[in-house]
Undergrad: 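This is the structure, below, for whatever I ask next.
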Number of protein chains: 2
Amino acid sequence: MAKLLETPTPPRPSTSIQDYLKRIYELTENGQPASTNDLARELNVKPASVTGMIQKLAAEKPALVAYQKHQGVTLTPAGKTAALEVIRHHRLLETWLVQTLGYSWDEVHEEAERLEHVISEDFENRIAAALGHPLRDPHGELIPTADLTMPLDESIPLSALRKDQSGKILCVKAPDSGLLRHLTQLGLTPNTFIEVTDYSPYDHNLTVKVKDKTHVLGLNITSKILIEGK
Amino acid sequence: MAKLLETPTPPRPSTSIQDYLKRIYELTENGQPASTNDLARELNVKPASVTGMIQKLAAEKPALVAYQKHQGVTLTPAGKTAALEVIRHHRLLETWLVQTLGYSWDEVHEEAERLEHVISEDFENRIAAALGHPLRDPHGELIPTADLTMPLDESIPLSALRKDQSGKILCVKAPDSGLLRHLTQLGLTPNTFIEVTDYSPYDHNLTVKVKDKTHVLGLNITSKILIEGK
DNA sequence: AAAATAATTTAGTCATGGCTAAATTATTAG
DNA sequence: CTAATAATTTAGCCATGACTAAATTATTTT
Ligand SMILES: [Mn+2]
Ligand SMILES: [Mn+2]
Ligand SMILES: [Mn+2]
Ligand SMILES: [Mn+2]
């Protein structure tokens, strides 16, 4: 109970900075730097504001982002750690809200978006333990570990499957709750088994069988559903 | 499920304003206006900053506080409602942290102090329902009702009891967690039965019997323990 | 290779909510 | 009643993180 050798916890970045770092993490997961415009769109902020913030983050010591004018922005190791901290909070909170307060997966995002910045490390540890240290959140997104590393993602997009291939849905990357509710209707939720029965090379539509129902899905949907790698 | 006739929820006051209103509520519970200095101390802010904020709150339309120079400040009805909203959040959160995450009553305050500003009304409703719409928080403080009225407080301070009087502890108003832990040691927690076996008129010490143990308590403690009114 | 368009950055502004130092007003003591 | 002290307010400043408008740089088209 007594706290010996208490590390003088460094102050947490501001809410705004945490949100910037999180978005930069997400936008750079594909290996490409994040553009000013993309960040502005994701953060609901004007491009000029993004430039200002990026310059500040690059000037911090240690720098949180690497940046050269007109070249987009990437996270430094320090920035990545800070981003993973926020993402861990966010995904644990979403899981917690669904498990203990009966939120549905299309309702949790906004709540977590605000709570993620104010919970203590103690709170984080308590919900992680209470949930049994879950690996994925309600959408199937991987939860960064307590030591702030992101587990290896072994999933492949449904859009990469072809006729007669099948697998378990691991994750649904839906940007808005409307799509999430639609997918719930279709039964396309994590841990569900799915089978591709047809593929149309012209429009990339996939015909899939889920729970005895058949649906024809466009690329806009199939690219956002991730299947367990074989 | 469909939200008809959605009221265009007025934007919530800033975190700072919420904290000011809450402290003003607490400091004026005795009927007296709150002084600039007292507010500054409670809010960990300089008196000059308090004056600035108070003037802003008095200028809002509708005004949240009533204020005349050098006379201290009180809440208007609008300010009181806003204060009760924050207090309801705070006390429901403390209750919820204790009930569902195993926090002890001396650990919850700081966490609730930050969460109270960011939870949604939906979140508030969900935890209130999950807890069975509790009347009091872990310290025994009354929780404002959902329609934002404060229930009538029928308690009397332990310091008002005399030899051979007794009652149940309703509430412990302890400012710091050190005192809370001390009281836990002594068994002086809400819902505990307590009996006064002696009173010293010179130093106002009370001798009390709790759970077969006897303690001599000074006014500094007895004035902070509230007993169920007879 | 220009010209047109798109993306990004700069410059200047604003709101919020702190701060210090100095001035003012109230209260208390002699 | 006056002087000292305490409380409060004013004035001016700063950091944060938005914004708009204008300038600049990159990318596409013709
Ligand atoms: Mn957020
Ligand atoms: Mn954390
Ligand atoms: Mn607070
Ligand atoms: Mn509320």
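Every chain is numbered from 1, with letters handed out A, B, ... down the list of sequences. All figures in this text were calculated on a predicted structure; none of them were measured in a lab.
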Undergrad: By nearest heavy atom, map A:H70 and A:S14 onto DNA chain D; which one lands nearer the 5' end?
TA: A:S14
Undergrad: For nucleotides 18-21 of chain C, list the nitrogen or oxygen atoms of the protein found under 3.5 Å from its nitrogen or oxygen atoms, one pair per line.
TA:
{"unit_1": "C:dG18", "atom_1": "OP1", "unit_2": "B:S16", "atom_2": "OG", "d": "2.7"}
{"unit_1": "C:dG18", "atom_1": "OP2", "unit_2": "B:Y20", "atom_2": "OH", "d": "3.4"}
{"unit_1": "C:dC19", "atom_1": "OP2", "unit_2": "B:K46", "atom_2": "N", "d": "2.9"}
{"unit_1": "C:dC19", "atom_1": "OP2", "unit_2": "B:S49", "atom_2": "OG", "d": "2.7"}

Undergrad: Salt bridge check, A:E85 against A:R12: does any charged N sit closer than 4.0 Å to a carboxylate O?
TA: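 Salt bridge: no.
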Undergrad: Please step through side-chain hydrogen bond (donor to acceptor under 3.5 Å, both in side chains) for the pair B:S35 and B:N37, ending with a clear verdict.
TA: CA-CA 5 Å; B:S35 77; B:N37 264 354; 6.0 Å; no
Undergrad: Give the intermediate values and the outcome of salt bridge (charged side-chain N to carboxylate O under 4.0 Å, His left out) for residues A:K22 and A:E116.
TA: CA-CA 11 Å; A:K22 191 169 58 156; A:E116 63 189 1; 2.8 Å; yes
Undergrad: Is any NZ, NE, NH1 or NH2 atom of the basic residue among B:E26 and B:R23 found under 4.0 Å from an Asp or Glu carboxylate oxygen of the other?
TA: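 Looking at B:E26 and B:R23, the cut-off is met.
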Undergrad: Could you note down all residue pairs passing side chain to side chain donor-acceptor pair (under 3.5 Å) where residues 91-101 of chain B supplies at least one of them, sequence neighbours left out?
TA: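 Sorted result for residues 91-101 of chain B: B:H90-B:E94, B:E94-B:H109, B:E94-B:H139.
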Undergrad: Give the minimum heavy-atom separation between A:A83 and A:L75, together with the two atoms involved.
TA: CB-CD1, 4.0 Å
Undergrad: In residues 34-41 of chain A, which residues come under 4.0 Å of DNA chain D by heavy atom?
TA: none
Undergrad: Look at B:R88 together with B:E124 and state whether they make a salt bridge at an N to O cut-off of under 4.0 Å.
TA: yes
Undergrad: Should the heavy atoms of other residues, nucleotides or ligands under 6.0 Å from CD of A:E110 be counted, would the total exceed 12?
TA: no
Undergrad: Which residue pairs pass the ring-ring contact (aromatic ring centres under 6.0 Å, His included) test when at least one of the two sits in residues 12-71 of chain A, sequence neighbours left out?
TA: none
Undergrad: For DNA chain D, which nucleotides open and close the run of contacts to chain A, 5' to 3', at under 4.0 angstrom from a non-hydrogen atom?
TA: D:dT16 to D:dT25
Undergrad: Using salt bridge (Lys or Arg N to Asp or Glu O under 4.0 Å) as the criterion, list what pairs up with A:K46, not counting sequence neighbours.
TA: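 Applying salt bridge (Lys or Arg N to Asp or Glu O under 4.0 Å) to A:K46 gives none.
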